[in-house]
Every structure is written in C-alpha cells, then in structure tokens.
J.: 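Structure below; questions to follow.
Predicted model, so just to flag it, every value in this text is computed and none were measured. A, B, ... follow the sequence lines: proteins, then strands. Residue 1 opens every chain.
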Amino acid sequence: MGNSQDAEECVNDAFLGVWNSVPPQNPEPLSSYVCRIVRNLAIKKYRANTALKRNSFYDVALDEIENCFQSVITVEDEINANEAADAINCFLEGLDSKSRIMFIRRYWYSDSVEDIAKAFGTSRHNVSVRLSRIRKKLKKYLIEKEVLL
Amino acid sequence: MNKNRISEILDGIDEKYIDEAADYAGQDIKPAFLNGIKWRSLAACMVLIIAVSLTGIVFVTEAKEYKAAIAFFDENGLSADGLSRSDIKEVYRDISTQRFTYDKTADVIKNVVSGIEIQQDEPTPEELKTAWNRNVWLNNNSKLKTGVNYRIEYKRNDDNEDILEKSIVECYKDGRILWKTDVPNYFVSDCTATSIGTAAWGYDEEHFFLIYWIALFNDKGEKLWECWLDYYDFKHEEIAAVLDNNDGTLAVIGRGNFDYLYLSKFDADGNEIYFKKTYIGETGVWRAARFGDGYLVQLTRLMIGENARLARLDSDGNIIDNFAYEGDDCSYYLADMAEYAGQIYISAYAVPKKGALIGHGEIEKVLDDYVFTKKNGDIPAEELTPAVRDNYTAVLLVCDPNSGNPKAFYSVEGSLGGGLKVNESNQLEWDVESIVSTFSSPATNSFSIGGTCQVYRYTFNTSGTLLKQIKTGETTGFRR
C-alpha cells in the first residue's frame, strides 16, 4: 500500500466486510475468505491512490509470472481466465507442498523473495531458482493443456 | 498480457492452496532439541499492488531490461521514487555505461552517495562519474584477491536471458594468480583451501531441484575428484560449509529435505565415508566451523527473528548443545564465522530488541520510533542516517574453547559486522561495514530503508591484538 494508514484502513474494511457478510455466508476455511477480501480491497485502494507512483517490488512479482502466459500468439482474449485458473490448480496439485507454498506466497500473497527465503530458512538465490523452475514448468504445462497456443 | 488479466487468473486459485500457504507463515514446529524456546507466529501481510498495464509486442524484452534496472537500483541502494518506468531504465543505462548524461541521474545519485558536492545547477557528467566511481561503482570491483576465489561468467541465450556460461575457481598469492580452472556446468557457491586440496562446491541448475556438487582440486588447479550429493530420498538443499577435518577427510554440513541438518564426510579420494542426518525442523543451516573434534553450526529461523543460534556437534554430527546468543536489550545477527588460532571468531552485529516482529526486525525500532511516529513521510538523509547508525553495533565475538559460548571481543558503533578471513600472513581480518548514508522511500515501500556502507578492515594477530585498522575504499549496499 505504501503507507501504514492505508494498510490499517484496508484491514479494518476487510473485517467490516466479513462482519457484514457472515452470515449468511459461511466460508470455510475462513482465513482464505478474509485473505481474498483484503486482497481485493488493497487492489482497489492502490488503483485509487497510485496512478503515477509505482511499487517496483510488486511489479517484479507480476512481471515474473507474466512470461508464463506469453505465447506465440499473444492476444488477451484468447486466454480464458477460468480455464487458465483451472489449469493452474491442476498444476499446483502436482507440485510438492513446499514448492506450491513458495508459488502461492510469491504470486498470490506477493511476498518478496527475501521474505520467502526467511520463511524457508534458505537463501534468496535458492528461492529465485526454484521459482524460476516452477514458472518454466507451469508454462510448459499450460502449453501442453492447450491453455496457451 | 494485461496485469489485470493475470490478477483475474490468480484469483481463481483454489481456496485450499491459499489457506495452506496462509497457515505456513504461522506454523509452530518445536523440535525436541529446542524445548523451552517459544516460537511466535506471524500474521501474513497480504497487499497486492498492480501497476499500470503494459502493452506492445516488445513487452517481453522491455520487461527484462526493466527487471535488470530494478535489480541494479536495489543492489546500489538507489531510490526509484518519482521516476517513471522509462526513467528507471534510462538512469540504469546511464550509470552502467558510465555516461552520466541523463537529466535525472544526478538526483538519483545524490541520495546514495554521501558527502557528494553537486552544484544546484546541472552537474557535469564528469562530476557525477567521479562521485559515483569514488563511492560506489569501482570500489565494489576493486577488492584485491588473495587465496582461493571463484567467479561466475554468464552468457545470453536465445530468449535474451542470462544463463551460466561457466564458473571459475582461482588461487592467488601476493596478488598474483597461481592457477585458474574452469567449471563449465555448475554454479560454484564457494570454495576453500584445505590440507588435501582446494574444495569447491555448488549446484547444477539444469534440474528442477538443484543437484549439489563438490570437487577437489590440487595445487595446479587440476580436478582430483567430484561427486554429487543427491541420492535415494534425501534432497540436499544447500551446503553451509566444507571443513577440513585435518585427518585427510573433509566434512560437509548443510540442510536437506527442508527439515534435516546433515553431516557428510569424504576421504581424499572423494568417497563418502560417513553420513548422518538430524531432524531440526524448518530451520536454516547457514555456517559452520570446526570446533575441537566436532563442529559449531549456525542455525536460523528468520521469520521469528532468530539468527544467532549456535549448535555444537560432536565428530559424528550429533547435536550435543545449542544456545542462542543474545543480550538483555539487544538481538544479534551473525554475519560470518572463521576458525583462527585454535578459536572460533564470529562476526556479528547487534540491534535493539523490540516487540512483535514485523519482518524487518533489524530496523523495527527505527521504523516505529522514528519513521512512522515522528515523520511518517519523506525523511531527509541527514536525519535518518544518525538514527539508523544508532541502531547498529558491529561485534566481533570469540567462542569459549570448551563450551563454544561466544563472548564479545571487539565492537564498533554505527556499523554491521562483515566478512572474516585469515590472510596470507596468518592474521585475522574483520571487515566492518560503517553506515554512511541512508534513505527511506514511503512511496515505494514504507517498511524498507536503503543506503550505503563503507568497509573498514580490522586486522588482529594470534594474541588477539589489534594490529591495524584501514579504510578499504570498498562500499556495500544497505537494505533492510
């Protein structure tokens, strides 16, 4: 978010969102439901605040995975989001849990490579290499499943 | 592809995977040998920021250059605040090609080069080049080589990516190269001189999971043997150290299968003659040194701020003791470890203890007491730098020869402990990184502080007497 006030506001709005939606919603597991709300609020807040400024740290995370979706013919509408998400879920199912967690923490939670290295007690370079291998494997998988052309 | 589109796709990831990864940050694993130690879990920080979308056929190439520019900024402590994407790339090209003609380069350099005297009107390219080279660029490349060293050479592939061309292991004496050998297929992580030759180790990147490799070279740089560590169901993740047992064998210590500390021993012909693994939970194994007949190993759990835990191993790799080095009001971070004159010296630095860890534990006190409370915005370097210097004290520790418990031997305020090395004259050299300039950039990341350190070298003899202290002229980046 770039500042603590926006981050706090985002968290407060998320809790309010959960309070207002549960019940009738009965999400299970609750933690990931809350995570999604916070993430969506943060995205909206960021778009409102930062038309010109950038956060290079998170740009790089999306830049990294963007290459997985590049293909010979790159037209956005050709890739169906639901189809791609289903394929990614199948791909993740086939990974070992540590690799899967690294992937999710980097590209869904947007943790830095440094923070992931700390969490796993390993080096930054080790994490970078593993993520690179996972991305290459993902791209190959998407091509094999004909999600990419 | 449009980043919004990617975000949509990622939004479809199954809840169970999100939950699995959310729980991971807070796992409370307590190996038996660490009984009595409380582990704290962290709340995951979940803020995703999406930049303005990019279009164009040349996006892939442009994105790679942009990534290289960002990495350059990070390595050199440069602030991208207020710069557009193309500005960042232009400044990167301007500095890395030593032209210094782009109109925004001067402002970027001012934040990282302390004491630079730039006129209010436009500085000349020569002024900028001199200031940059004196403080950052060339100083980082001017280290005199001694003993065994290694370096990596890269080449571009058809996808315009930097890939390994070869690693090179070299041996120097009195500044002259004695031998050099190419290692074409592996990234060399480190090397060390031993009584049976020069050991080098690294990994093979061609496999999905890294395959770790060790080799021994003679005094002409000829390879005597090499071997690979992965076998059966034990995945060697990293090699923390290769140590000379001084009995014709080498000890290899590291981590495998994410949860195990391992000790392997190799004879002079490269045969693995011993292997033992010990469960330690999700703990990093970072450094090791010979200690008596056994070993002293640094263990880390950085997510809870633990960096200064040491485990004593016997000669068979059994953990016989472990202790965390900490003060009443400060925490320690270990930077390097070396055996010298029969004792183990540890280079470290101390920072004030604070409350709940936020993932930037070293600078927690500066962020809480100063950045957020007093200023909460752009802070001039003249105010921030003294606050950051007050936060750090470099410490040289020496371990008790019986118990292994470290005690403070020497300290330097306003600095971080750096590398330790025994030089050709059998003196201990301790590098200390003195913080000379800092900046914070709330617009890019309100929880980070960057800057530059100047390296001083303290030299001690076997009696522990300080022989000399010099300013090396080298600089390192500071980023927390």
J.: Using a strict threshold of under 4.0 Å (side-chain N to carboxylate O), is an ion pair present between A:R105 and B:E20?
T.: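 Not counted as a salt bridge, because no side-chain N and carboxylate O are separated by less than 4.0 Å.
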J.: Keeping B:Y203 on the side-chain end and A:N126 on the backbone end, is there a donor-acceptor pair under 3.5 Å?
T.: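 A pair under 3.5 Å: no.
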J.: Do side-chain atoms of B:D14 reach the backbone of A:N89 as a donor and acceptor pair under 3.5 angstrom?
T.: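 No, B:D14 side chain to A:N89 backbone: no donor-acceptor pair under 3.5 Å.
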J.: In Å and rounded to the nearest 0.5 Å, what is the CD1 to CG distance from B:I9 to A:D86?
T.: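 B:I9 atom CD1 to A:D86 atom CG measures 11.0 Å (nearest 0.5 Å).
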J.: Any chance you could measure A:I101, atom CD1, to B:I18, atom CD1, to the nearest 0.5 Å?
T.: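 The CD1 atom of B:I18 is 11.5 Å from CD1 of A:I101, to the nearest 0.5 Å.
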J.: So, for A:R100 and B:Y17, which heavy atoms are closest and what is the spacing to 0.1 Å?
T.: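 Smallest heavy-atom distance, with atoms named: CD-CD2, 3.3 Å.
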J.: With a 4.5 angstrom heavy-atom cut-off, is it the side chain or the backbone of A:S97 that approaches chain B, or both, or neither?
T.: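 When you check distances to chain B, atoms from both the backbone and side chain of A:S97 fall under 4.5 Å.
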J.: Is it the side chain or the backbone of A:I88 that comes within 4.5 Å of chain B heavy atoms, both, or neither?
T.: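 The side chain, not the backbone.
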J.: Measuring only between side-chain heavy atoms, which start at C-beta, is B:T300 closer than 4.5 Å to A:K118?
T.: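 Heavy-atom side-chain distance check fails, nothing below 4.5 Å.
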J.: Find the distance between CZ (B:R301) and CZ (A:F120) and round it off to the nearest 0.5 Å.
T.: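 Taking CZ in B:R301 and CZ in A:F120, the distance rounds to 12.5 Å.
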J.: Can you tell me how far apart CD1 (B:I13) and CZ (A:F103) are? Round to the nearest 0.5 Å.
T.: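 Here the interatomic distance stands at 5.5 Å.
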J.: Which pair of heavy atoms, one from B:G12 and one from A:A85, lies closest together, and at what distance?
T.: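 Between these two residues, the closest heavy atoms are CA-CB, 3.8 Å.
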